[in-house]
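Input: a single structure, listed below in structure tokens.
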Amino acid sequence: MTVRTGLFKLSMNYRHHYHAGNYADVFKHVLLLQLVRAMQRKDKGMLYLDTHAGRGGYDLSVTSLLPDGRSREPEFPAGIGRLWAAAPLPPALADYVDLVRRFNDRHGATGSELKFYPGSPWIAKLLLRPQDRMALCELRPDDAEALDFEFARESRVTVQAIDGYTGLKAMLPPLEKRALVLIDPPFESKAEFVGIVRGIGDALRRMPSAVLAVWYPITERARADEFHYAVRTFATPALVAELMIAGESSAVRMKGCGLLVLNPPWKIEAEIREVLPELAERLMVEAGGAARCWWLVPEQ
Ligand code: SAM
């Protein structure tokens, strides 16, 4: 593992650990799974780059424990918890739950218990083919160490404790000439959208054909709108999927989340459109929840 420190000052209070398996993870990982499978319709290998990878996997029995010994409300019951034992599930959700089951099995969960949750690196790793490769960036030293440990025995995976936007510049374009990049920052700072837009610009300059998937929270509609406005300037095909678990005027803080996909792979739009209503129906917490998908910049 390469560790670079002192590049810049960052407040790093965010721990994905507390949010593992929540509704936002389910939304993001279901669509990530669809994206990986869509990329794999071609035989040629690809690089999967995760710029903000987290720990890789999470033990759900400790995700509600705070460092001072108190506990908080676990988030996964309103996410993966709503799908885990549900049957029947539509194919895309069954595919995702099956992957989460495989992760539980390989980490030693017994019976039908939901004990562990795979982060985006494991979602991708469980799908990786021999011709594919993965590069993972995580800046938080303890999470980077855990991530390195998770993948220590896995071939074709590199873990680096570096800033994800630096990783983006360093790793694109890859030798494979095909790349799927997940940009999934913690949004601790109001400037995160600015960093993402800069990162997208850097990535597209290096590799105009890169498939870039960017997750973002929806707390205020105006901020998502500003982000979309900035993304239009790249004049690159861009598809947006959003899931709202509550209405725009709800008191729920994170009312929804979105995934922006630049250079979306062939056929992915139809697949996303099919799964979104299923996610909304199962994950919404208040009336007014909904899901939609639209082209921010249409394909030519
Ligand atoms: N992608 C993960 C998943 O789906 O399982 C979750 C990632 S979490 C939302 C964001 C992660 O980014 C956190 O683990 C945080 O420590 C890390 N992080 C924060 N700033 C970073 C940066 N500049 N570069 C790389 N990682 C960063």
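Indexing begins at 1, ligand by ligand and atom by atom, following the structure's order. In this text the structure is predicted, and so the values were computed from the model without any measurement.
Contact annotation: the side chain of Thr219 never approaches that of Lys255 to less than 4.5 Å [non-hydrogen atoms, C-beta and beyond].
At least one N or O atom of Asp184 sits closer than 3.5 Å to an N or O atom of ligand 1. Checked by distance only, ligand 1 and Pro185 stay at 3.5 Å or farther apart across all their nitrogen or oxygen atoms. The distance criterion of under 3.5 Å between nitrogen or oxygen atoms is met by Ser120 with respect to ligand 1. At a 3.5 angstrom cut-off on N or O pairs, Pro121 does not count as close to ligand 1. In terms of polar-atom proximity, Lys28 is counted as a contact of ligand 1, with an N or O under 3.5 Å from an N or O of the ligand. Taking only nitrogen or oxygen atoms, main chain and side chain alike, Arg140 does not reach within less than 3.5 Å of ligand 1.
Between Arg55 and Glu150 there is no salt bridge, since none of the side-chain N atoms of the basic residue sits less than 4.0 Å from a carboxylate O of the acidic one. Look at Asp202 and Arg205 and you find a salt bridge, because one of the NZ, NE, NH1 or NH2 atoms lies within 4.0 Å of a carboxylate O, short of that distance. The existence of a salt bridge linking Glu271 and Arg41 is confirmed by a sub-4.0 Å separation between a basic side-chain nitrogen and an acidic carboxylate oxygen.
Residue nearest to atom 4 (O) of ligand 1, selected from His29, His17, His16: His29 (by heavy-atom distance). Evaluated by nearest non-hydrogen atom to atom 17 (C) of ligand 1, the leading choice among His52, Glu138, Glu192 is Glu138.
No option in His29, His17, His16 other than His29 meets the ring pair (Phe, Tyr, Trp, His ring centres under 6.0 Å) test with Tyr117.
Arg133 approaches Pro174 most closely through the heavy-atom pair NH2-CB, 3.7 Å. Lys190 and Arg223 get closest at one heavy-atom pair: CA-NH2, 3.7 Å.
The backbone of Ala53, and not its side chain, has at least one atom closer than 4.0 Å to an atom of ligand 1 (non-hydrogen atoms only; backbone = N, CA, C, O).
Applying the 4.0 Å criterion to heavy atoms of Asp163 picks out, from ligand 1, the atoms 22 (C), 23 (N), 24 (N). The Gly54 neighbourhood of ligand 1 comprises atoms 14 (O), with distances under 4.0 Å to a heavy atom of that residue. When each atom of ligand 1 is checked for a heavy atom of Leu139 under 4.0 Å away, the hits are 21 (C), 22 (C), 23 (N), 24 (N), 25 (C), 26 (N), 27 (C). Close approach of ligand 1 to Gly119 is summarised as follows: ligand atoms under 4.0 Å from at least one heavy atom of the residue are 5 (O). Under a 4.0 Å criterion applied to the non-hydrogen atoms of Thr51, ligand 1 contributes the atoms 25 (C), 26 (N).
Assignment of Ile162 to the shell around ligand 1 is supported, since a heavy atom sits closer than 4.0 Å. Ligand 1 is never approached by Arg55 to a heavy-atom distance shorter than 4.0 Å.
Outside the 6.0 Å centre-distance limit, the rings of Phe76 and His19 are not counted as a close aromatic pair.
Counted by atom type alone, Asp98 and Tyr96 present zero donor-acceptor pairs between their side chains at under 3.5 Å. Between the side chains of Glu242 and Tyr216, at least one donor N or O lies within less than 3.5 Å of an accepting N or O.
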